[in-house]
Structure formats: C-alpha cells, structure tokens
S.K.: 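The structure that follows is given in the form of structure tokens.
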Amino acid sequence: MTDYRIEKDTMGDVKVPADKLWGAQTQRSTENFKIGGDRFPRELIKALGILKKCAAMTNNQLGLLETKKTELIVRAADEVIAGD
C-alpha cells in the first residue's frame with residue numbers, strides 16, 4: 001500500500017502519493033487524463049531556473065522580497081540550473 005497525503009481544492013479532498021510534490025489539481029489530472037509522458041527539454045528547465053533566480057534577486061533589490069526568502073529561492077534555482 002502506498003503512503004499518501006490528503007490535498008484539498010475547490011472540488012474537495014484527494015489522495016496524493018506521499019512521494020509526489022504536486023497538489024490536488026495535478027493529481028486529479030493524472031487520474032482523469034493521459035498526461036505525464038512528455039518532458040521539458042533540459043535547456044528549458046535550466047532557463048526557467050535562471051529566470052526565477054534573477055527575478056528573486058531583482059525583487060529583493062527592489063525591497064519586494066525579504067532576504068531569507070530570496071536566499072532560499074536562489075539556492076533552489078541554483079539546484080535547478082545545475083540539473084539537480
């Protein structure tokens with residue numbers, strides 16, 4: 001038996017496997033539609049990591065994002081950029 005957690009959305013509760021990072025709407029999609037086989041090219045994923053990192057740093061410099069959150073976003077973005 002797979003461990004799961006309960007996620008909620010406007011349609012109510014849905015069981016999501018505990019090892020997945022997505023929420024209720026993605027879970028409903030996997031149950032109702034043939035999705036999940038397509039993957040983004042690695043180059044696009046890296047580009048999105050760069051974009052998120054730059055956005056976080058810019059918003060921090062503008063005083064719109066606190067430093068601790070900026071540091072966490074930059075760390076996560078660096079992992080995405082590195083392919084981790």
Side-chain angles (χ1 to χ4, degrees):
M1 182 173 164
T2 302
D3 290 332
Y4 64 88
R5 67 181 185 282
I6 301 296
E7 290 285 337
K8 300 174 193 240
D9 64 7
T10 58
M11 295 179 67
D13 296 351
V14 64
K15 292 180 180 179
V16 177
D19 64 334
K20 303 302 178 192
L21 299 177
W22 58 65
Q25 292 178 345
T26 300
Q27 183 62 35
R28 289 185 199 286
S29 293
T30 63
E31 293 171 1
N32 294 301
F33 302 101
K34 185 180 177 188
I35 65 168
D38 297 328
R39 299 286 185 248
F40 282 113
R42 176 70 199 120
E43 297 82 5
L44 179 59
I45 296 170
K46 181 178 180 179
L48 290 172
I50 293 168
L51 180 67
K52 292 289 187 177
K53 180 178 180 176
C54 292
M57 293 169 68
T58 299
N59 281 311
N60 179 259
Q61 290 173 357
L62 293 171
L64 301 173
L65 186 63
E66 63 185 64
T67 300
K68 183 62 179 171
K69 285 184 181 179
T70 301
E71 292 169 353
L72 293 170
I73 293 169
V74 166
R75 186 178 344 150
D78 283 340
E79 290 179 13
V80 169
I81 293 165
D84 297 337

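Keep in mind that the numbers below use all heavy atoms, side chains included, and drop hydrogens, waters and symmetry copies.
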S.K.: Can you name the residues that form a side chain to side chain donor-acceptor pair (under 3.5 Å) with Asn59, not counting sequence neighbours?
M.R.: none
S.K.: Work out which heavy atom in Gln25 is nearest to a heavy atom in Asp9; give both atom names and the distance.
M.R.: CG-OD2, 3.6 Å
S.K.: Tell me, with the steps shown, if Ile6 and Lys15 meet side chain to side chain contact (heavy atoms under 4.5 Å, CB included).
M.R.: CA-CA 5 Å; Ile6 301 296; Lys15 292 180 180 179; 3.8 Å; yes
S.K.: Find out if a path of hydrophobic residues (ILVMFWY) with successive side-chain heavy-atom gaps under 4.5 Å connects Leu48 to Phe40.
M.R.: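 Leu48 and Phe40: one cluster.
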S.K.: Restricting to non-hydrogen atoms, name the atom on Gln27 and the atom on Val16 that form the minimum distance, rounded to 0.1 Å.
M.R.: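 Smallest heavy-atom distance, with atoms named: CB-CG2, 3.7 Å.
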S.K.: Decide if atom CZ of Arg42 counts as having more than 12 heavy atoms of other residues, nucleotides or ligands within a radius under 6.0 Å.
M.R.: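 Counting neighbours around CZ of Arg42, more than 12 heavy atoms of other residues, nucleotides or ligands fall under 6.0 Å, so yes.
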S.K.: Under the rule for side chain to side chain donor-acceptor pair (under 3.5 Å), what residues qualify as partners of Gln61, not counting sequence neighbours?
M.R.: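 Gln61 satisfies side chain to side chain donor-acceptor pair (under 3.5 Å) with no residue once adjacent residues are dropped.
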S.K.: Where do Lys52 and Ile73 come nearest, in terms of heavy atoms and distance?
M.R.: O-CG2, 4.1 Å
S.K.: In this structure, would Val80 and Leu44 fall into the same cluster of hydrophobic residues linked by side-chain contacts under 4.5 Å?
M.R.: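 Result: yes, single cluster for both.
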S.K.: Identify the two heavy atoms, one from Asp78 and one from Lys53, that lie closest to each other, and give their separation to 0.1 Å.
M.R.: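 Minimum heavy-atom contact is OD1-NZ, 2.7 Å.
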S.K.: With rounding to the nearest 0.5 angstrom, report the CG to OG1 distance, Leu65 to Thr70.
M.R.: 3.5 Å
S.K.: Are Val74 and Glu71 packed together at the side-chain level, in the sense that at least one heavy-atom pair is separated by less than 4.5 angstrom?
M.R.: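 No, every pair of side-chain atoms sits at 4.5 Å or beyond.
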S.K.: Determine the minimum heavy-atom distance between Ala77 and Gly49, stating which atoms define it.
M.R.: CB-O, 3.5 Å
S.K.: Shortest non-hydrogen contact from Asn60 to Glu66?
M.R.: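 Shortest heavy-atom contact: ND2-C, 3.6 Å.
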S.K.: Please walk me through it: do Thr30 and Lys20 pass side chain to side chain contact (heavy atoms under 4.5 Å, CB included)?
M.R.: CA-CA 12 Å; Thr30 63; Lys20 303 302 178 192; over 6 Å; no
S.K.: Between NZ of Lys8 and CG of Asp13, what distance do you get to the nearest 0.5 Å?
M.R.: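 Between atom NZ of Lys8 and atom CG of Asp13 there are 4.5 Å.
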